[in-house]
**Student:** 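There's a structure below that I have some questions on.
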Amino acid sequence: MKILIVGSGGREHAIAWKVSQSPKAEKIYCAPGNAGIEEYAECVPIGAMEFEKLAAFAKEKEIDLTVVGMDDPLVGGIVDVFEKEGLRVFGPRKNAAVLEGSKAFSKDLMKKYGIPTAAYENFDDPDKALAYLETAEFPIVLKADGLALGKGVLICNTLEEAKDGVREIMLDKHFGAAGNRMVIEEFMTGREVSVLSFVDGKTIKCMTSAQDHKRALDGDQGLNTGGMGTFSPSPFYTPEIDEFCQKHIYQPTVDAMAAEGRPFKGVIFFGLMLTEKGPKVLEYNARFGDPEAQVVLPRMKNDIVDVFEACIDGTLDQIDLQFEDNAAVCVVLASGGYPVSYEKGFPIEGLENLKGRDGVYVFHAGTRKENGRFVTNGGRVLGVTATGPDLKAARANAYEAVKQVTFEKAYCRSDIGKAIDEA
Ligand code: AMP
Ligand code: GLY
């Protein structure tokens, strides 16, 4: 088969690597890809939002399967464009990707179908949002409705902070049109877990659990980022919690989308908080997590091409999804200054030390090649994943591996996976 992957981050590198393991994959393309992905795929310089160009490329190259990794093209309707052209594509249509594309939609869906989540109100009028805050309890959580690079969530401790937040989102448009509407919701406490799942419109099969580290600095300090590291599985995600979520969250979400005339095919990523009152949904994403994919996919036993095809064909019930009985930890090596401002173009040293090392995967997030050398080209530069028989071993392996690679102003958190010591 000829397979096209759409996207350019560490997640797409992990997908490309996993696809390359399939005996079915004869030729892999990635658009636009990055310098690391070139090891597995021919990268083509077409942007992820250039739907018509991508579809024309897929037709010209007789691509058998396209896999969309990123949220923006999914929410923008890339799957509809491909399907109209008669192309096979893995991912939700526009009317289903709204599960991630509009937080107000997803909150209303959960409310309508009794899926546990934080109490909330939606607003499209800033004055009403400001008035609502006067009687609210703090801390409180403000969310821009639309996609905001994972940065559209503000946790506000005081009325003043929250009022400033509403102004930033709805009036100053810090997150652009994503802030035309907003959600104001109850602040929850607990451990966070990411559960990614494959969905074929009616059947859902969950992948192994993972935990992200969203804040930039050690001890969960600093600004929210796209994710500074992950581990899998989460020791806090017990079989009892899984059973609860299967019954009250996962299947009900898939059924709700079908009942709304928006059958979901692709990956649903459940961002959960394990609160004192049970698991609740923090957010849905309509794609693999990044860097969650970088710890989940290396542990997956199945041929991922089979799973993608089963989701498209509605035969996921026939797939026995299996994961290794091991653990994985991913440490993100970022450019100093990320997520605010950082420099690019520094040569990356030491990658050869990790080449071919068993159980170690270097997924490129923001790199490019200059005169045959890898140089930094983004905020998150590399995701260094290592597996091990258990979480502690995987963590030690990941930190040993990440020490082998460096570039000017490289930065990583030193406490990825610290939570496992409390398990
Ligand atoms: P989201 O993009 O909706 O997952 O939000 C980003 C991060 O903000 C989450 O991973 C949580 O750490 C935090 N967050 C979001 N919603 C809430 C909430 N209702 N209570 C507490 N923290 C939240
Ligand atoms: N790691 C969080 C996300 O992919 O949105």
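Whatever order the structure lists them in is the order used to number ligands and atoms, beginning at 1. Because the structure is predicted, anything quoted here is derived from the model rather than measured.
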**Student:** I want to know whether Tyr284 and Phe270 have ring centres closer than 6.0 Å.
**Tutor:** yes
**Student:** Look at atom 8 (O) of ligand 1 and find which of Leu142, Thr189, Val153 reaches it with the closest heavy atom.
**Tutor:** Val153
**Student:** Taking all non-hydrogen atoms of both residues, which atom of Val295 and which atom of Cys330 are closest, and how far apart?
**Tutor:** CG1-N, 3.5 Å
**Student:** Looking only at non-hydrogen atoms, find the nearest pair between Ala16 and Ile37 and report the distance.
**Tutor:** CB-CG2, 4.1 Å
**Student:** Quick check on contacts: which atoms of ligand 2 are under 4.0 angstrom from a heavy atom of Gly289?
**Tutor:** 4 (O)
**Student:** I need the atoms of ligand 2 closer than 4.0 Å to a non-hydrogen atom of Asn285, numbered in the order shown.
**Tutor:** 5 (O)
**Student:** What atoms in ligand 2 come closer than 4.0 Å to a heavy atom of Glu292?
**Tutor:** 1 (N), 2 (C), 4 (O)
**Student:** Less than 4.0 Å between a side-chain N and a carboxylate O, is that true for Arg167 and Asp164?
**Tutor:** yes
**Student:** State whether Phe236 and Arg191 meet the cation-pi test: NZ (Lys) or CZ (Arg) under 6.0 Å from the six-membered ring centroid, and within 45° of the perpendicular axis.
**Tutor:** yes
**Student:** Can you check whether Lys214 has an N/O within less than 3.5 Å of an N/O in ligand 2?
**Tutor:** no
**Student:** Kindly confirm or rule out a cation-pi arrangement of Lys369 over Phe374, judged by NZ or CZ under 6.0 Å from the six-membered ring centre and within 45° of its axis?
**Tutor:** yes
**Student:** Minimum distance, heavy atoms only, to atom 12 (O) of ligand 1: which one of Met273, Glu192, Glu185 is it?
**Tutor:** Glu192
**Student:** Below 3.5 Å, N or O to N or O, backbone or side chain included: is there any such pair between Met188 and ligand 1?
**Tutor:** yes
**Student:** Return yes or no for this condition: an N or O of Asp290 is under 3.5 Å from an N or O of ligand 2.
**Tutor:** yes
**Student:** Using a strict 4.0 Å cut-off to heavy atoms of Gly226, name the atoms of ligand 2 that fall inside it.
**Tutor:** 1 (N), 2 (C)
**Student:** At a 4.0 Å threshold, what atoms of ligand 2 neighbour a non-hydrogen atom of Asp212?
**Tutor:** 1 (N), 2 (C)
**Student:** Is it true that Asp320 and Lys301 have a side-chain N and a carboxylate O under 4.0 angstrom from each other?
**Tutor:** no
**Student:** Measuring from atom 23 (C) of ligand 1, which candidate in Asp220, Thr275, Leu282 has the nearest non-hydrogen atom?
**Tutor:** Leu282
**Student:** If I apply the N/O under 3.5 Å rule, does Asn224 come out as touching ligand 1?
**Tutor:** no
**Student:** Judged by atom type as modelled, is there a donor-acceptor pair below 3.5 Å linking the side chain of Gln221 to the main-chain atoms of Gly219?
**Tutor:** yes
**Student:** Measuring from non-hydrogen atoms of Phe269 to any atom of ligand 2, is the shortest distance under 4.0 Å?
**Tutor:** yes
**Student:** Counting only heavy atoms, tell me which of His213, Glu186, Lys143 gets closest to atom 3 (O) of ligand 1.
**Tutor:** Lys143
**Student:** What is the distance from atom CE of Met170 to atom CZ of Phe123, rounded to the nearest 0.5 Å?
**Tutor:** 9.0 Å
**Student:** Polar contacts were defined as any N/O atom of the residue lying under 3.5 Å from an N/O atom of the ligand; does this apply to Arg287 and ligand 2?
**Tutor:** yes
